J.: 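I have a structure I would like to understand better, so I am pasting it below and will then ask my questions one at a time.
Everything numeric here is computed off the predicted structure, so don't read it as measured data.
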Amino acid sequence: MRMRARAALPSASASVLLLLLLLVGGSAGAVYKVGDLDAWGVPPPSKPDVYKRWAKSIHFALGDSIWFLYPPSQDSVLQVTPEAFASCDLSRPVARLADGNSFFNLTTPGRAYYASGAPGHCRKGQKLWVDVPMANGTYLQPSATDLAALAPTPAADPPAGFASASAPEGASASPAPRAAVAAAGSVVALLCFALQILLH
């Protein structure tokens, strides 16, 4: 009996690993480190709009994830409403993560808002909004609430991708680079997960 169980384990393990790899190939989204900085924090005086510029430089897609990295004893990240984003009233967030290694999956088209949960950091510019297109690559028109949330934003720098219901300017017609990045990041994560399962 023991020999049969041991013989079946590699076969079952290989099946699980194969299934994970197949799932990765078809449904992986890209993972983006917020701001491309060492950590999620108050923007430096030399780059007060670092999060705004970062978000506008990336063409997100449904299924992508944004990754906030920060010291958990010093900060957190909140998903907030447009009104909370505008006023930095963070008393009732939509979601709160404080583990220092926080991922938010972009699963709904439209605009998503995030802010630091550390006292005073939101008012110092540690907040971020991202635009997520629909599955066909077109963007939803901003609501009145979305426009009000960005009222402090200078008029000379309009939100990316909202002039029309088409892909943002400069968007690549080919998804090949995105697929390569997404697949590489997701494969590594899933392989690590599969190895942990196999070793236990």
Side-chain angles (χ1 to χ4, degrees), residues 29-134 139-163 167-171 178 181-182 185:
V31 176
Y32 296 99
K33 185 178 178 189
V34 172
D36 291 328
L37 302 172
D38 291 335
W40 167 242
V42 174
S46 61
K47 296 180 181 179
D49 59 351
V50 65
Y51 296 116
K52 179 179 170 184
R53 287 179 178 268
W54 175 81
K56 291 182 78 157
S57 72
I58 296 172
H59 301 289
F60 297 101
L62 285 174
D64 287 349
S65 299
I66 53 176
W67 172 32
F68 295 81
L69 184 64
Y70 53 90
S73 61
Q74 299 172 19
D75 212 336
S76 61
V77 58
L78 312 176
Q79 184 172 5
V80 297
T81 63
E83 296 86 356
F85 182 87
S87 66
C88 285
D89 175 2
L90 308 175
S91 58
R92 294 186 311 199
V94 174
R96 179 182 191 273
L97 297 177
D99 61 0
N101 197 19
S102 303
F103 289 83
F104 284 90
N105 297 322
L106 304 176
T107 57
T108 306
R111 189 167 285 168
Y113 299 90
Y114 305 91
S116 167
H121 285 205
C122 179
R123 293 197 185 279
K124 293 178 182 174
Q126 191 181 347
K127 57 185 186 175
L128 163 76
W129 56 268
V130 298
D131 289 322
V132 184
M134 293 182 284
Y139 287 79
L140 298 172
Q141 292 295 320
S143 68
T145 309
D146 288 325
L147 294 173
L150 300 179
T153 304
D157 197 9
F162 286 105
E169 238 178 75
R178 166 183 294 283
V181 170

J.: Quick one about T107 and N105 (side-chain donor to acceptor, distance below 3.5 Å, no hydrogens or angles considered), yes or no?
T.: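 The answer is no; no qualifying pair exists.
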J.: Pair W40, V77 - check side chain to side chain contact (heavy atoms under 4.5 Å, CB included), show working.
T.: CA-CA 9 Å; W40 167 242; V77 58; 3.9 Å; yes
J.: To the nearest 0.5 angstrom, please state how far the OG atom of S76 sits from the CG atom of L97.
T.: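 With rounding to 0.5 Å, OG (S76) is 8.5 Å from CG (L97).
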J.: To the nearest 0.5 Å, tell me how far Y113 OH sits from L78 CG.
T.: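 CG of L78 is found 15.5 Å from OH of Y113.
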J.: Tell me whether K52 contacts the main-chain N or O of K56 through its side chain, where contact means a donor paired with an acceptor under 3.5 Å.
T.: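 Looks like no, no N/O pair under 3.5 Å.
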J.: For the pair D89 and E83, evaluate side chain to side chain contact (heavy atoms under 4.5 Å, CB included) and give the outcome as yes or no after the intermediate values.
T.: CA-CA 8 Å; D89 175 2; E83 296 86 356; over 6 Å; no
J.: Can you name the closest pair of heavy atoms from P43 and G125 and give their distance?
T.: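 Closest pair (atom of P43, atom of G125, distance): CG-O, 3.4 Å.
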J.: Which pair of non-hydrogen atoms, one from A115 and one from L90, has the smallest distance, and what is that distance?
T.: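 Closest pair (atom of A115, atom of L90, distance): CB-CD2, 4.0 Å.
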J.: Identify the two heavy atoms, one from A118 and one from Q74, that lie closest to each other, and give their separation to 0.1 Å.
T.: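 A118 and Q74 have their closest heavy atoms at CB-O, 3.8 Å.
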J.: Does atom CG of D36 have more than 12 heavy-atom neighbours, drawn from other residues, nucleotides or ligands, at distances under 6.0 Å?
T.: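 Yes - once you tally the heavy atoms of other residues, nucleotides and ligands closer than 6.0 Å, there are more than 12.
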J.: With a 3.5 Å distance limit and no angle check, can you tell me whether D99 reaches the backbone of N101 through a side-chain donor-acceptor pair?
T.: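 Yes; judged by distance alone, with no hydrogens or angles, the pair exists.
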J.: Just so I know, are the side chains of K127 and C88 near enough to count as touching, which here means a heavy-atom distance under 4.5 Å?
T.: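 A side-chain contact under 4.5 Å exists here.
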J.: Using ring-ring contact (aromatic ring centres under 6.0 Å, His included) as the criterion, point out the one residue from F85, F68, W129 that pairs with Y114.
T.: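 The ring-ring contact (aromatic ring centres under 6.0 Å, His included) with Y114 is passed solely by F68 among F85, F68, W129.
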J.: When the ring planes of W67 and F103 are compared, do they come out parallel, tilted or perpendicular, using 30° and 60° as the limits?
T.: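 Correct class here is parallel.
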J.: Could you report the tightest heavy-atom contact between L128 and A55, atom names first, then the distance?
T.: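 So the two residues come closest at CD1-CB, 3.6 Å.
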J.: In sequence, state the C-alpha distance, the side-chain angles, and the governing distance for V130 and Y51, and then conclude on side chain to side chain contact (heavy atoms under 4.5 Å, CB included).
T.: CA-CA 10 Å; V130 298; Y51 296 116; over 6 Å; no
J.: Side-chain contact, heavy-atom cut-off 4.5 Å: V132 with T108?
T.: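 They are not in contact (no side-chain heavy atoms under 4.5 Å apart), so the answer is no.
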J.: Looking at every heavy atom in both L62 and M134, which two are closest together, and how far apart are they?
T.: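 The pair with the smallest heavy-atom distance is CD1-C, 4.0 Å.
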J.: Can you check whether Y70's main-chain N or O pairs, donor with acceptor, with D75's side chain at less than 3.5 Å?
T.: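 No; zero donor-acceptor contacts below 3.5 Å.
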J.: Output all residues satisfying salt bridge (Lys or Arg N to Asp or Glu O under 4.0 Å) with R123, sequence neighbours left out; order by chain, then residue number.
T.: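 Testing R123 for salt bridge (Lys or Arg N to Asp or Glu O under 4.0 Å), a comparison that skips the adjacent residues, returns none.
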J.: Should we say atom NZ of K33 is surrounded by more than 12 heavy atoms from elsewhere, each under 6.0 Å from it?
T.: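 Yes, the 6.0 Å shell around NZ holds more than 12 heavy atoms from other groups.
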J.: For Q126 and V42, work out which heavy atoms get closest and say how close.
T.: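 Between these two residues, the closest heavy atoms are OE1-N, 3.3 Å.
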J.: Determine whether a donor-acceptor pair (N or O, by modelled atom type, separation under 3.5 Å) exists between the side chain of D146 and the backbone of A148.
T.: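 No; zero donor-acceptor contacts below 3.5 Å.
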J.: Measuring only between side-chain heavy atoms, which start at C-beta, is Y32 closer than 4.5 Å to D64?
T.: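 Contact flag for Y32/D64 side chains = yes.
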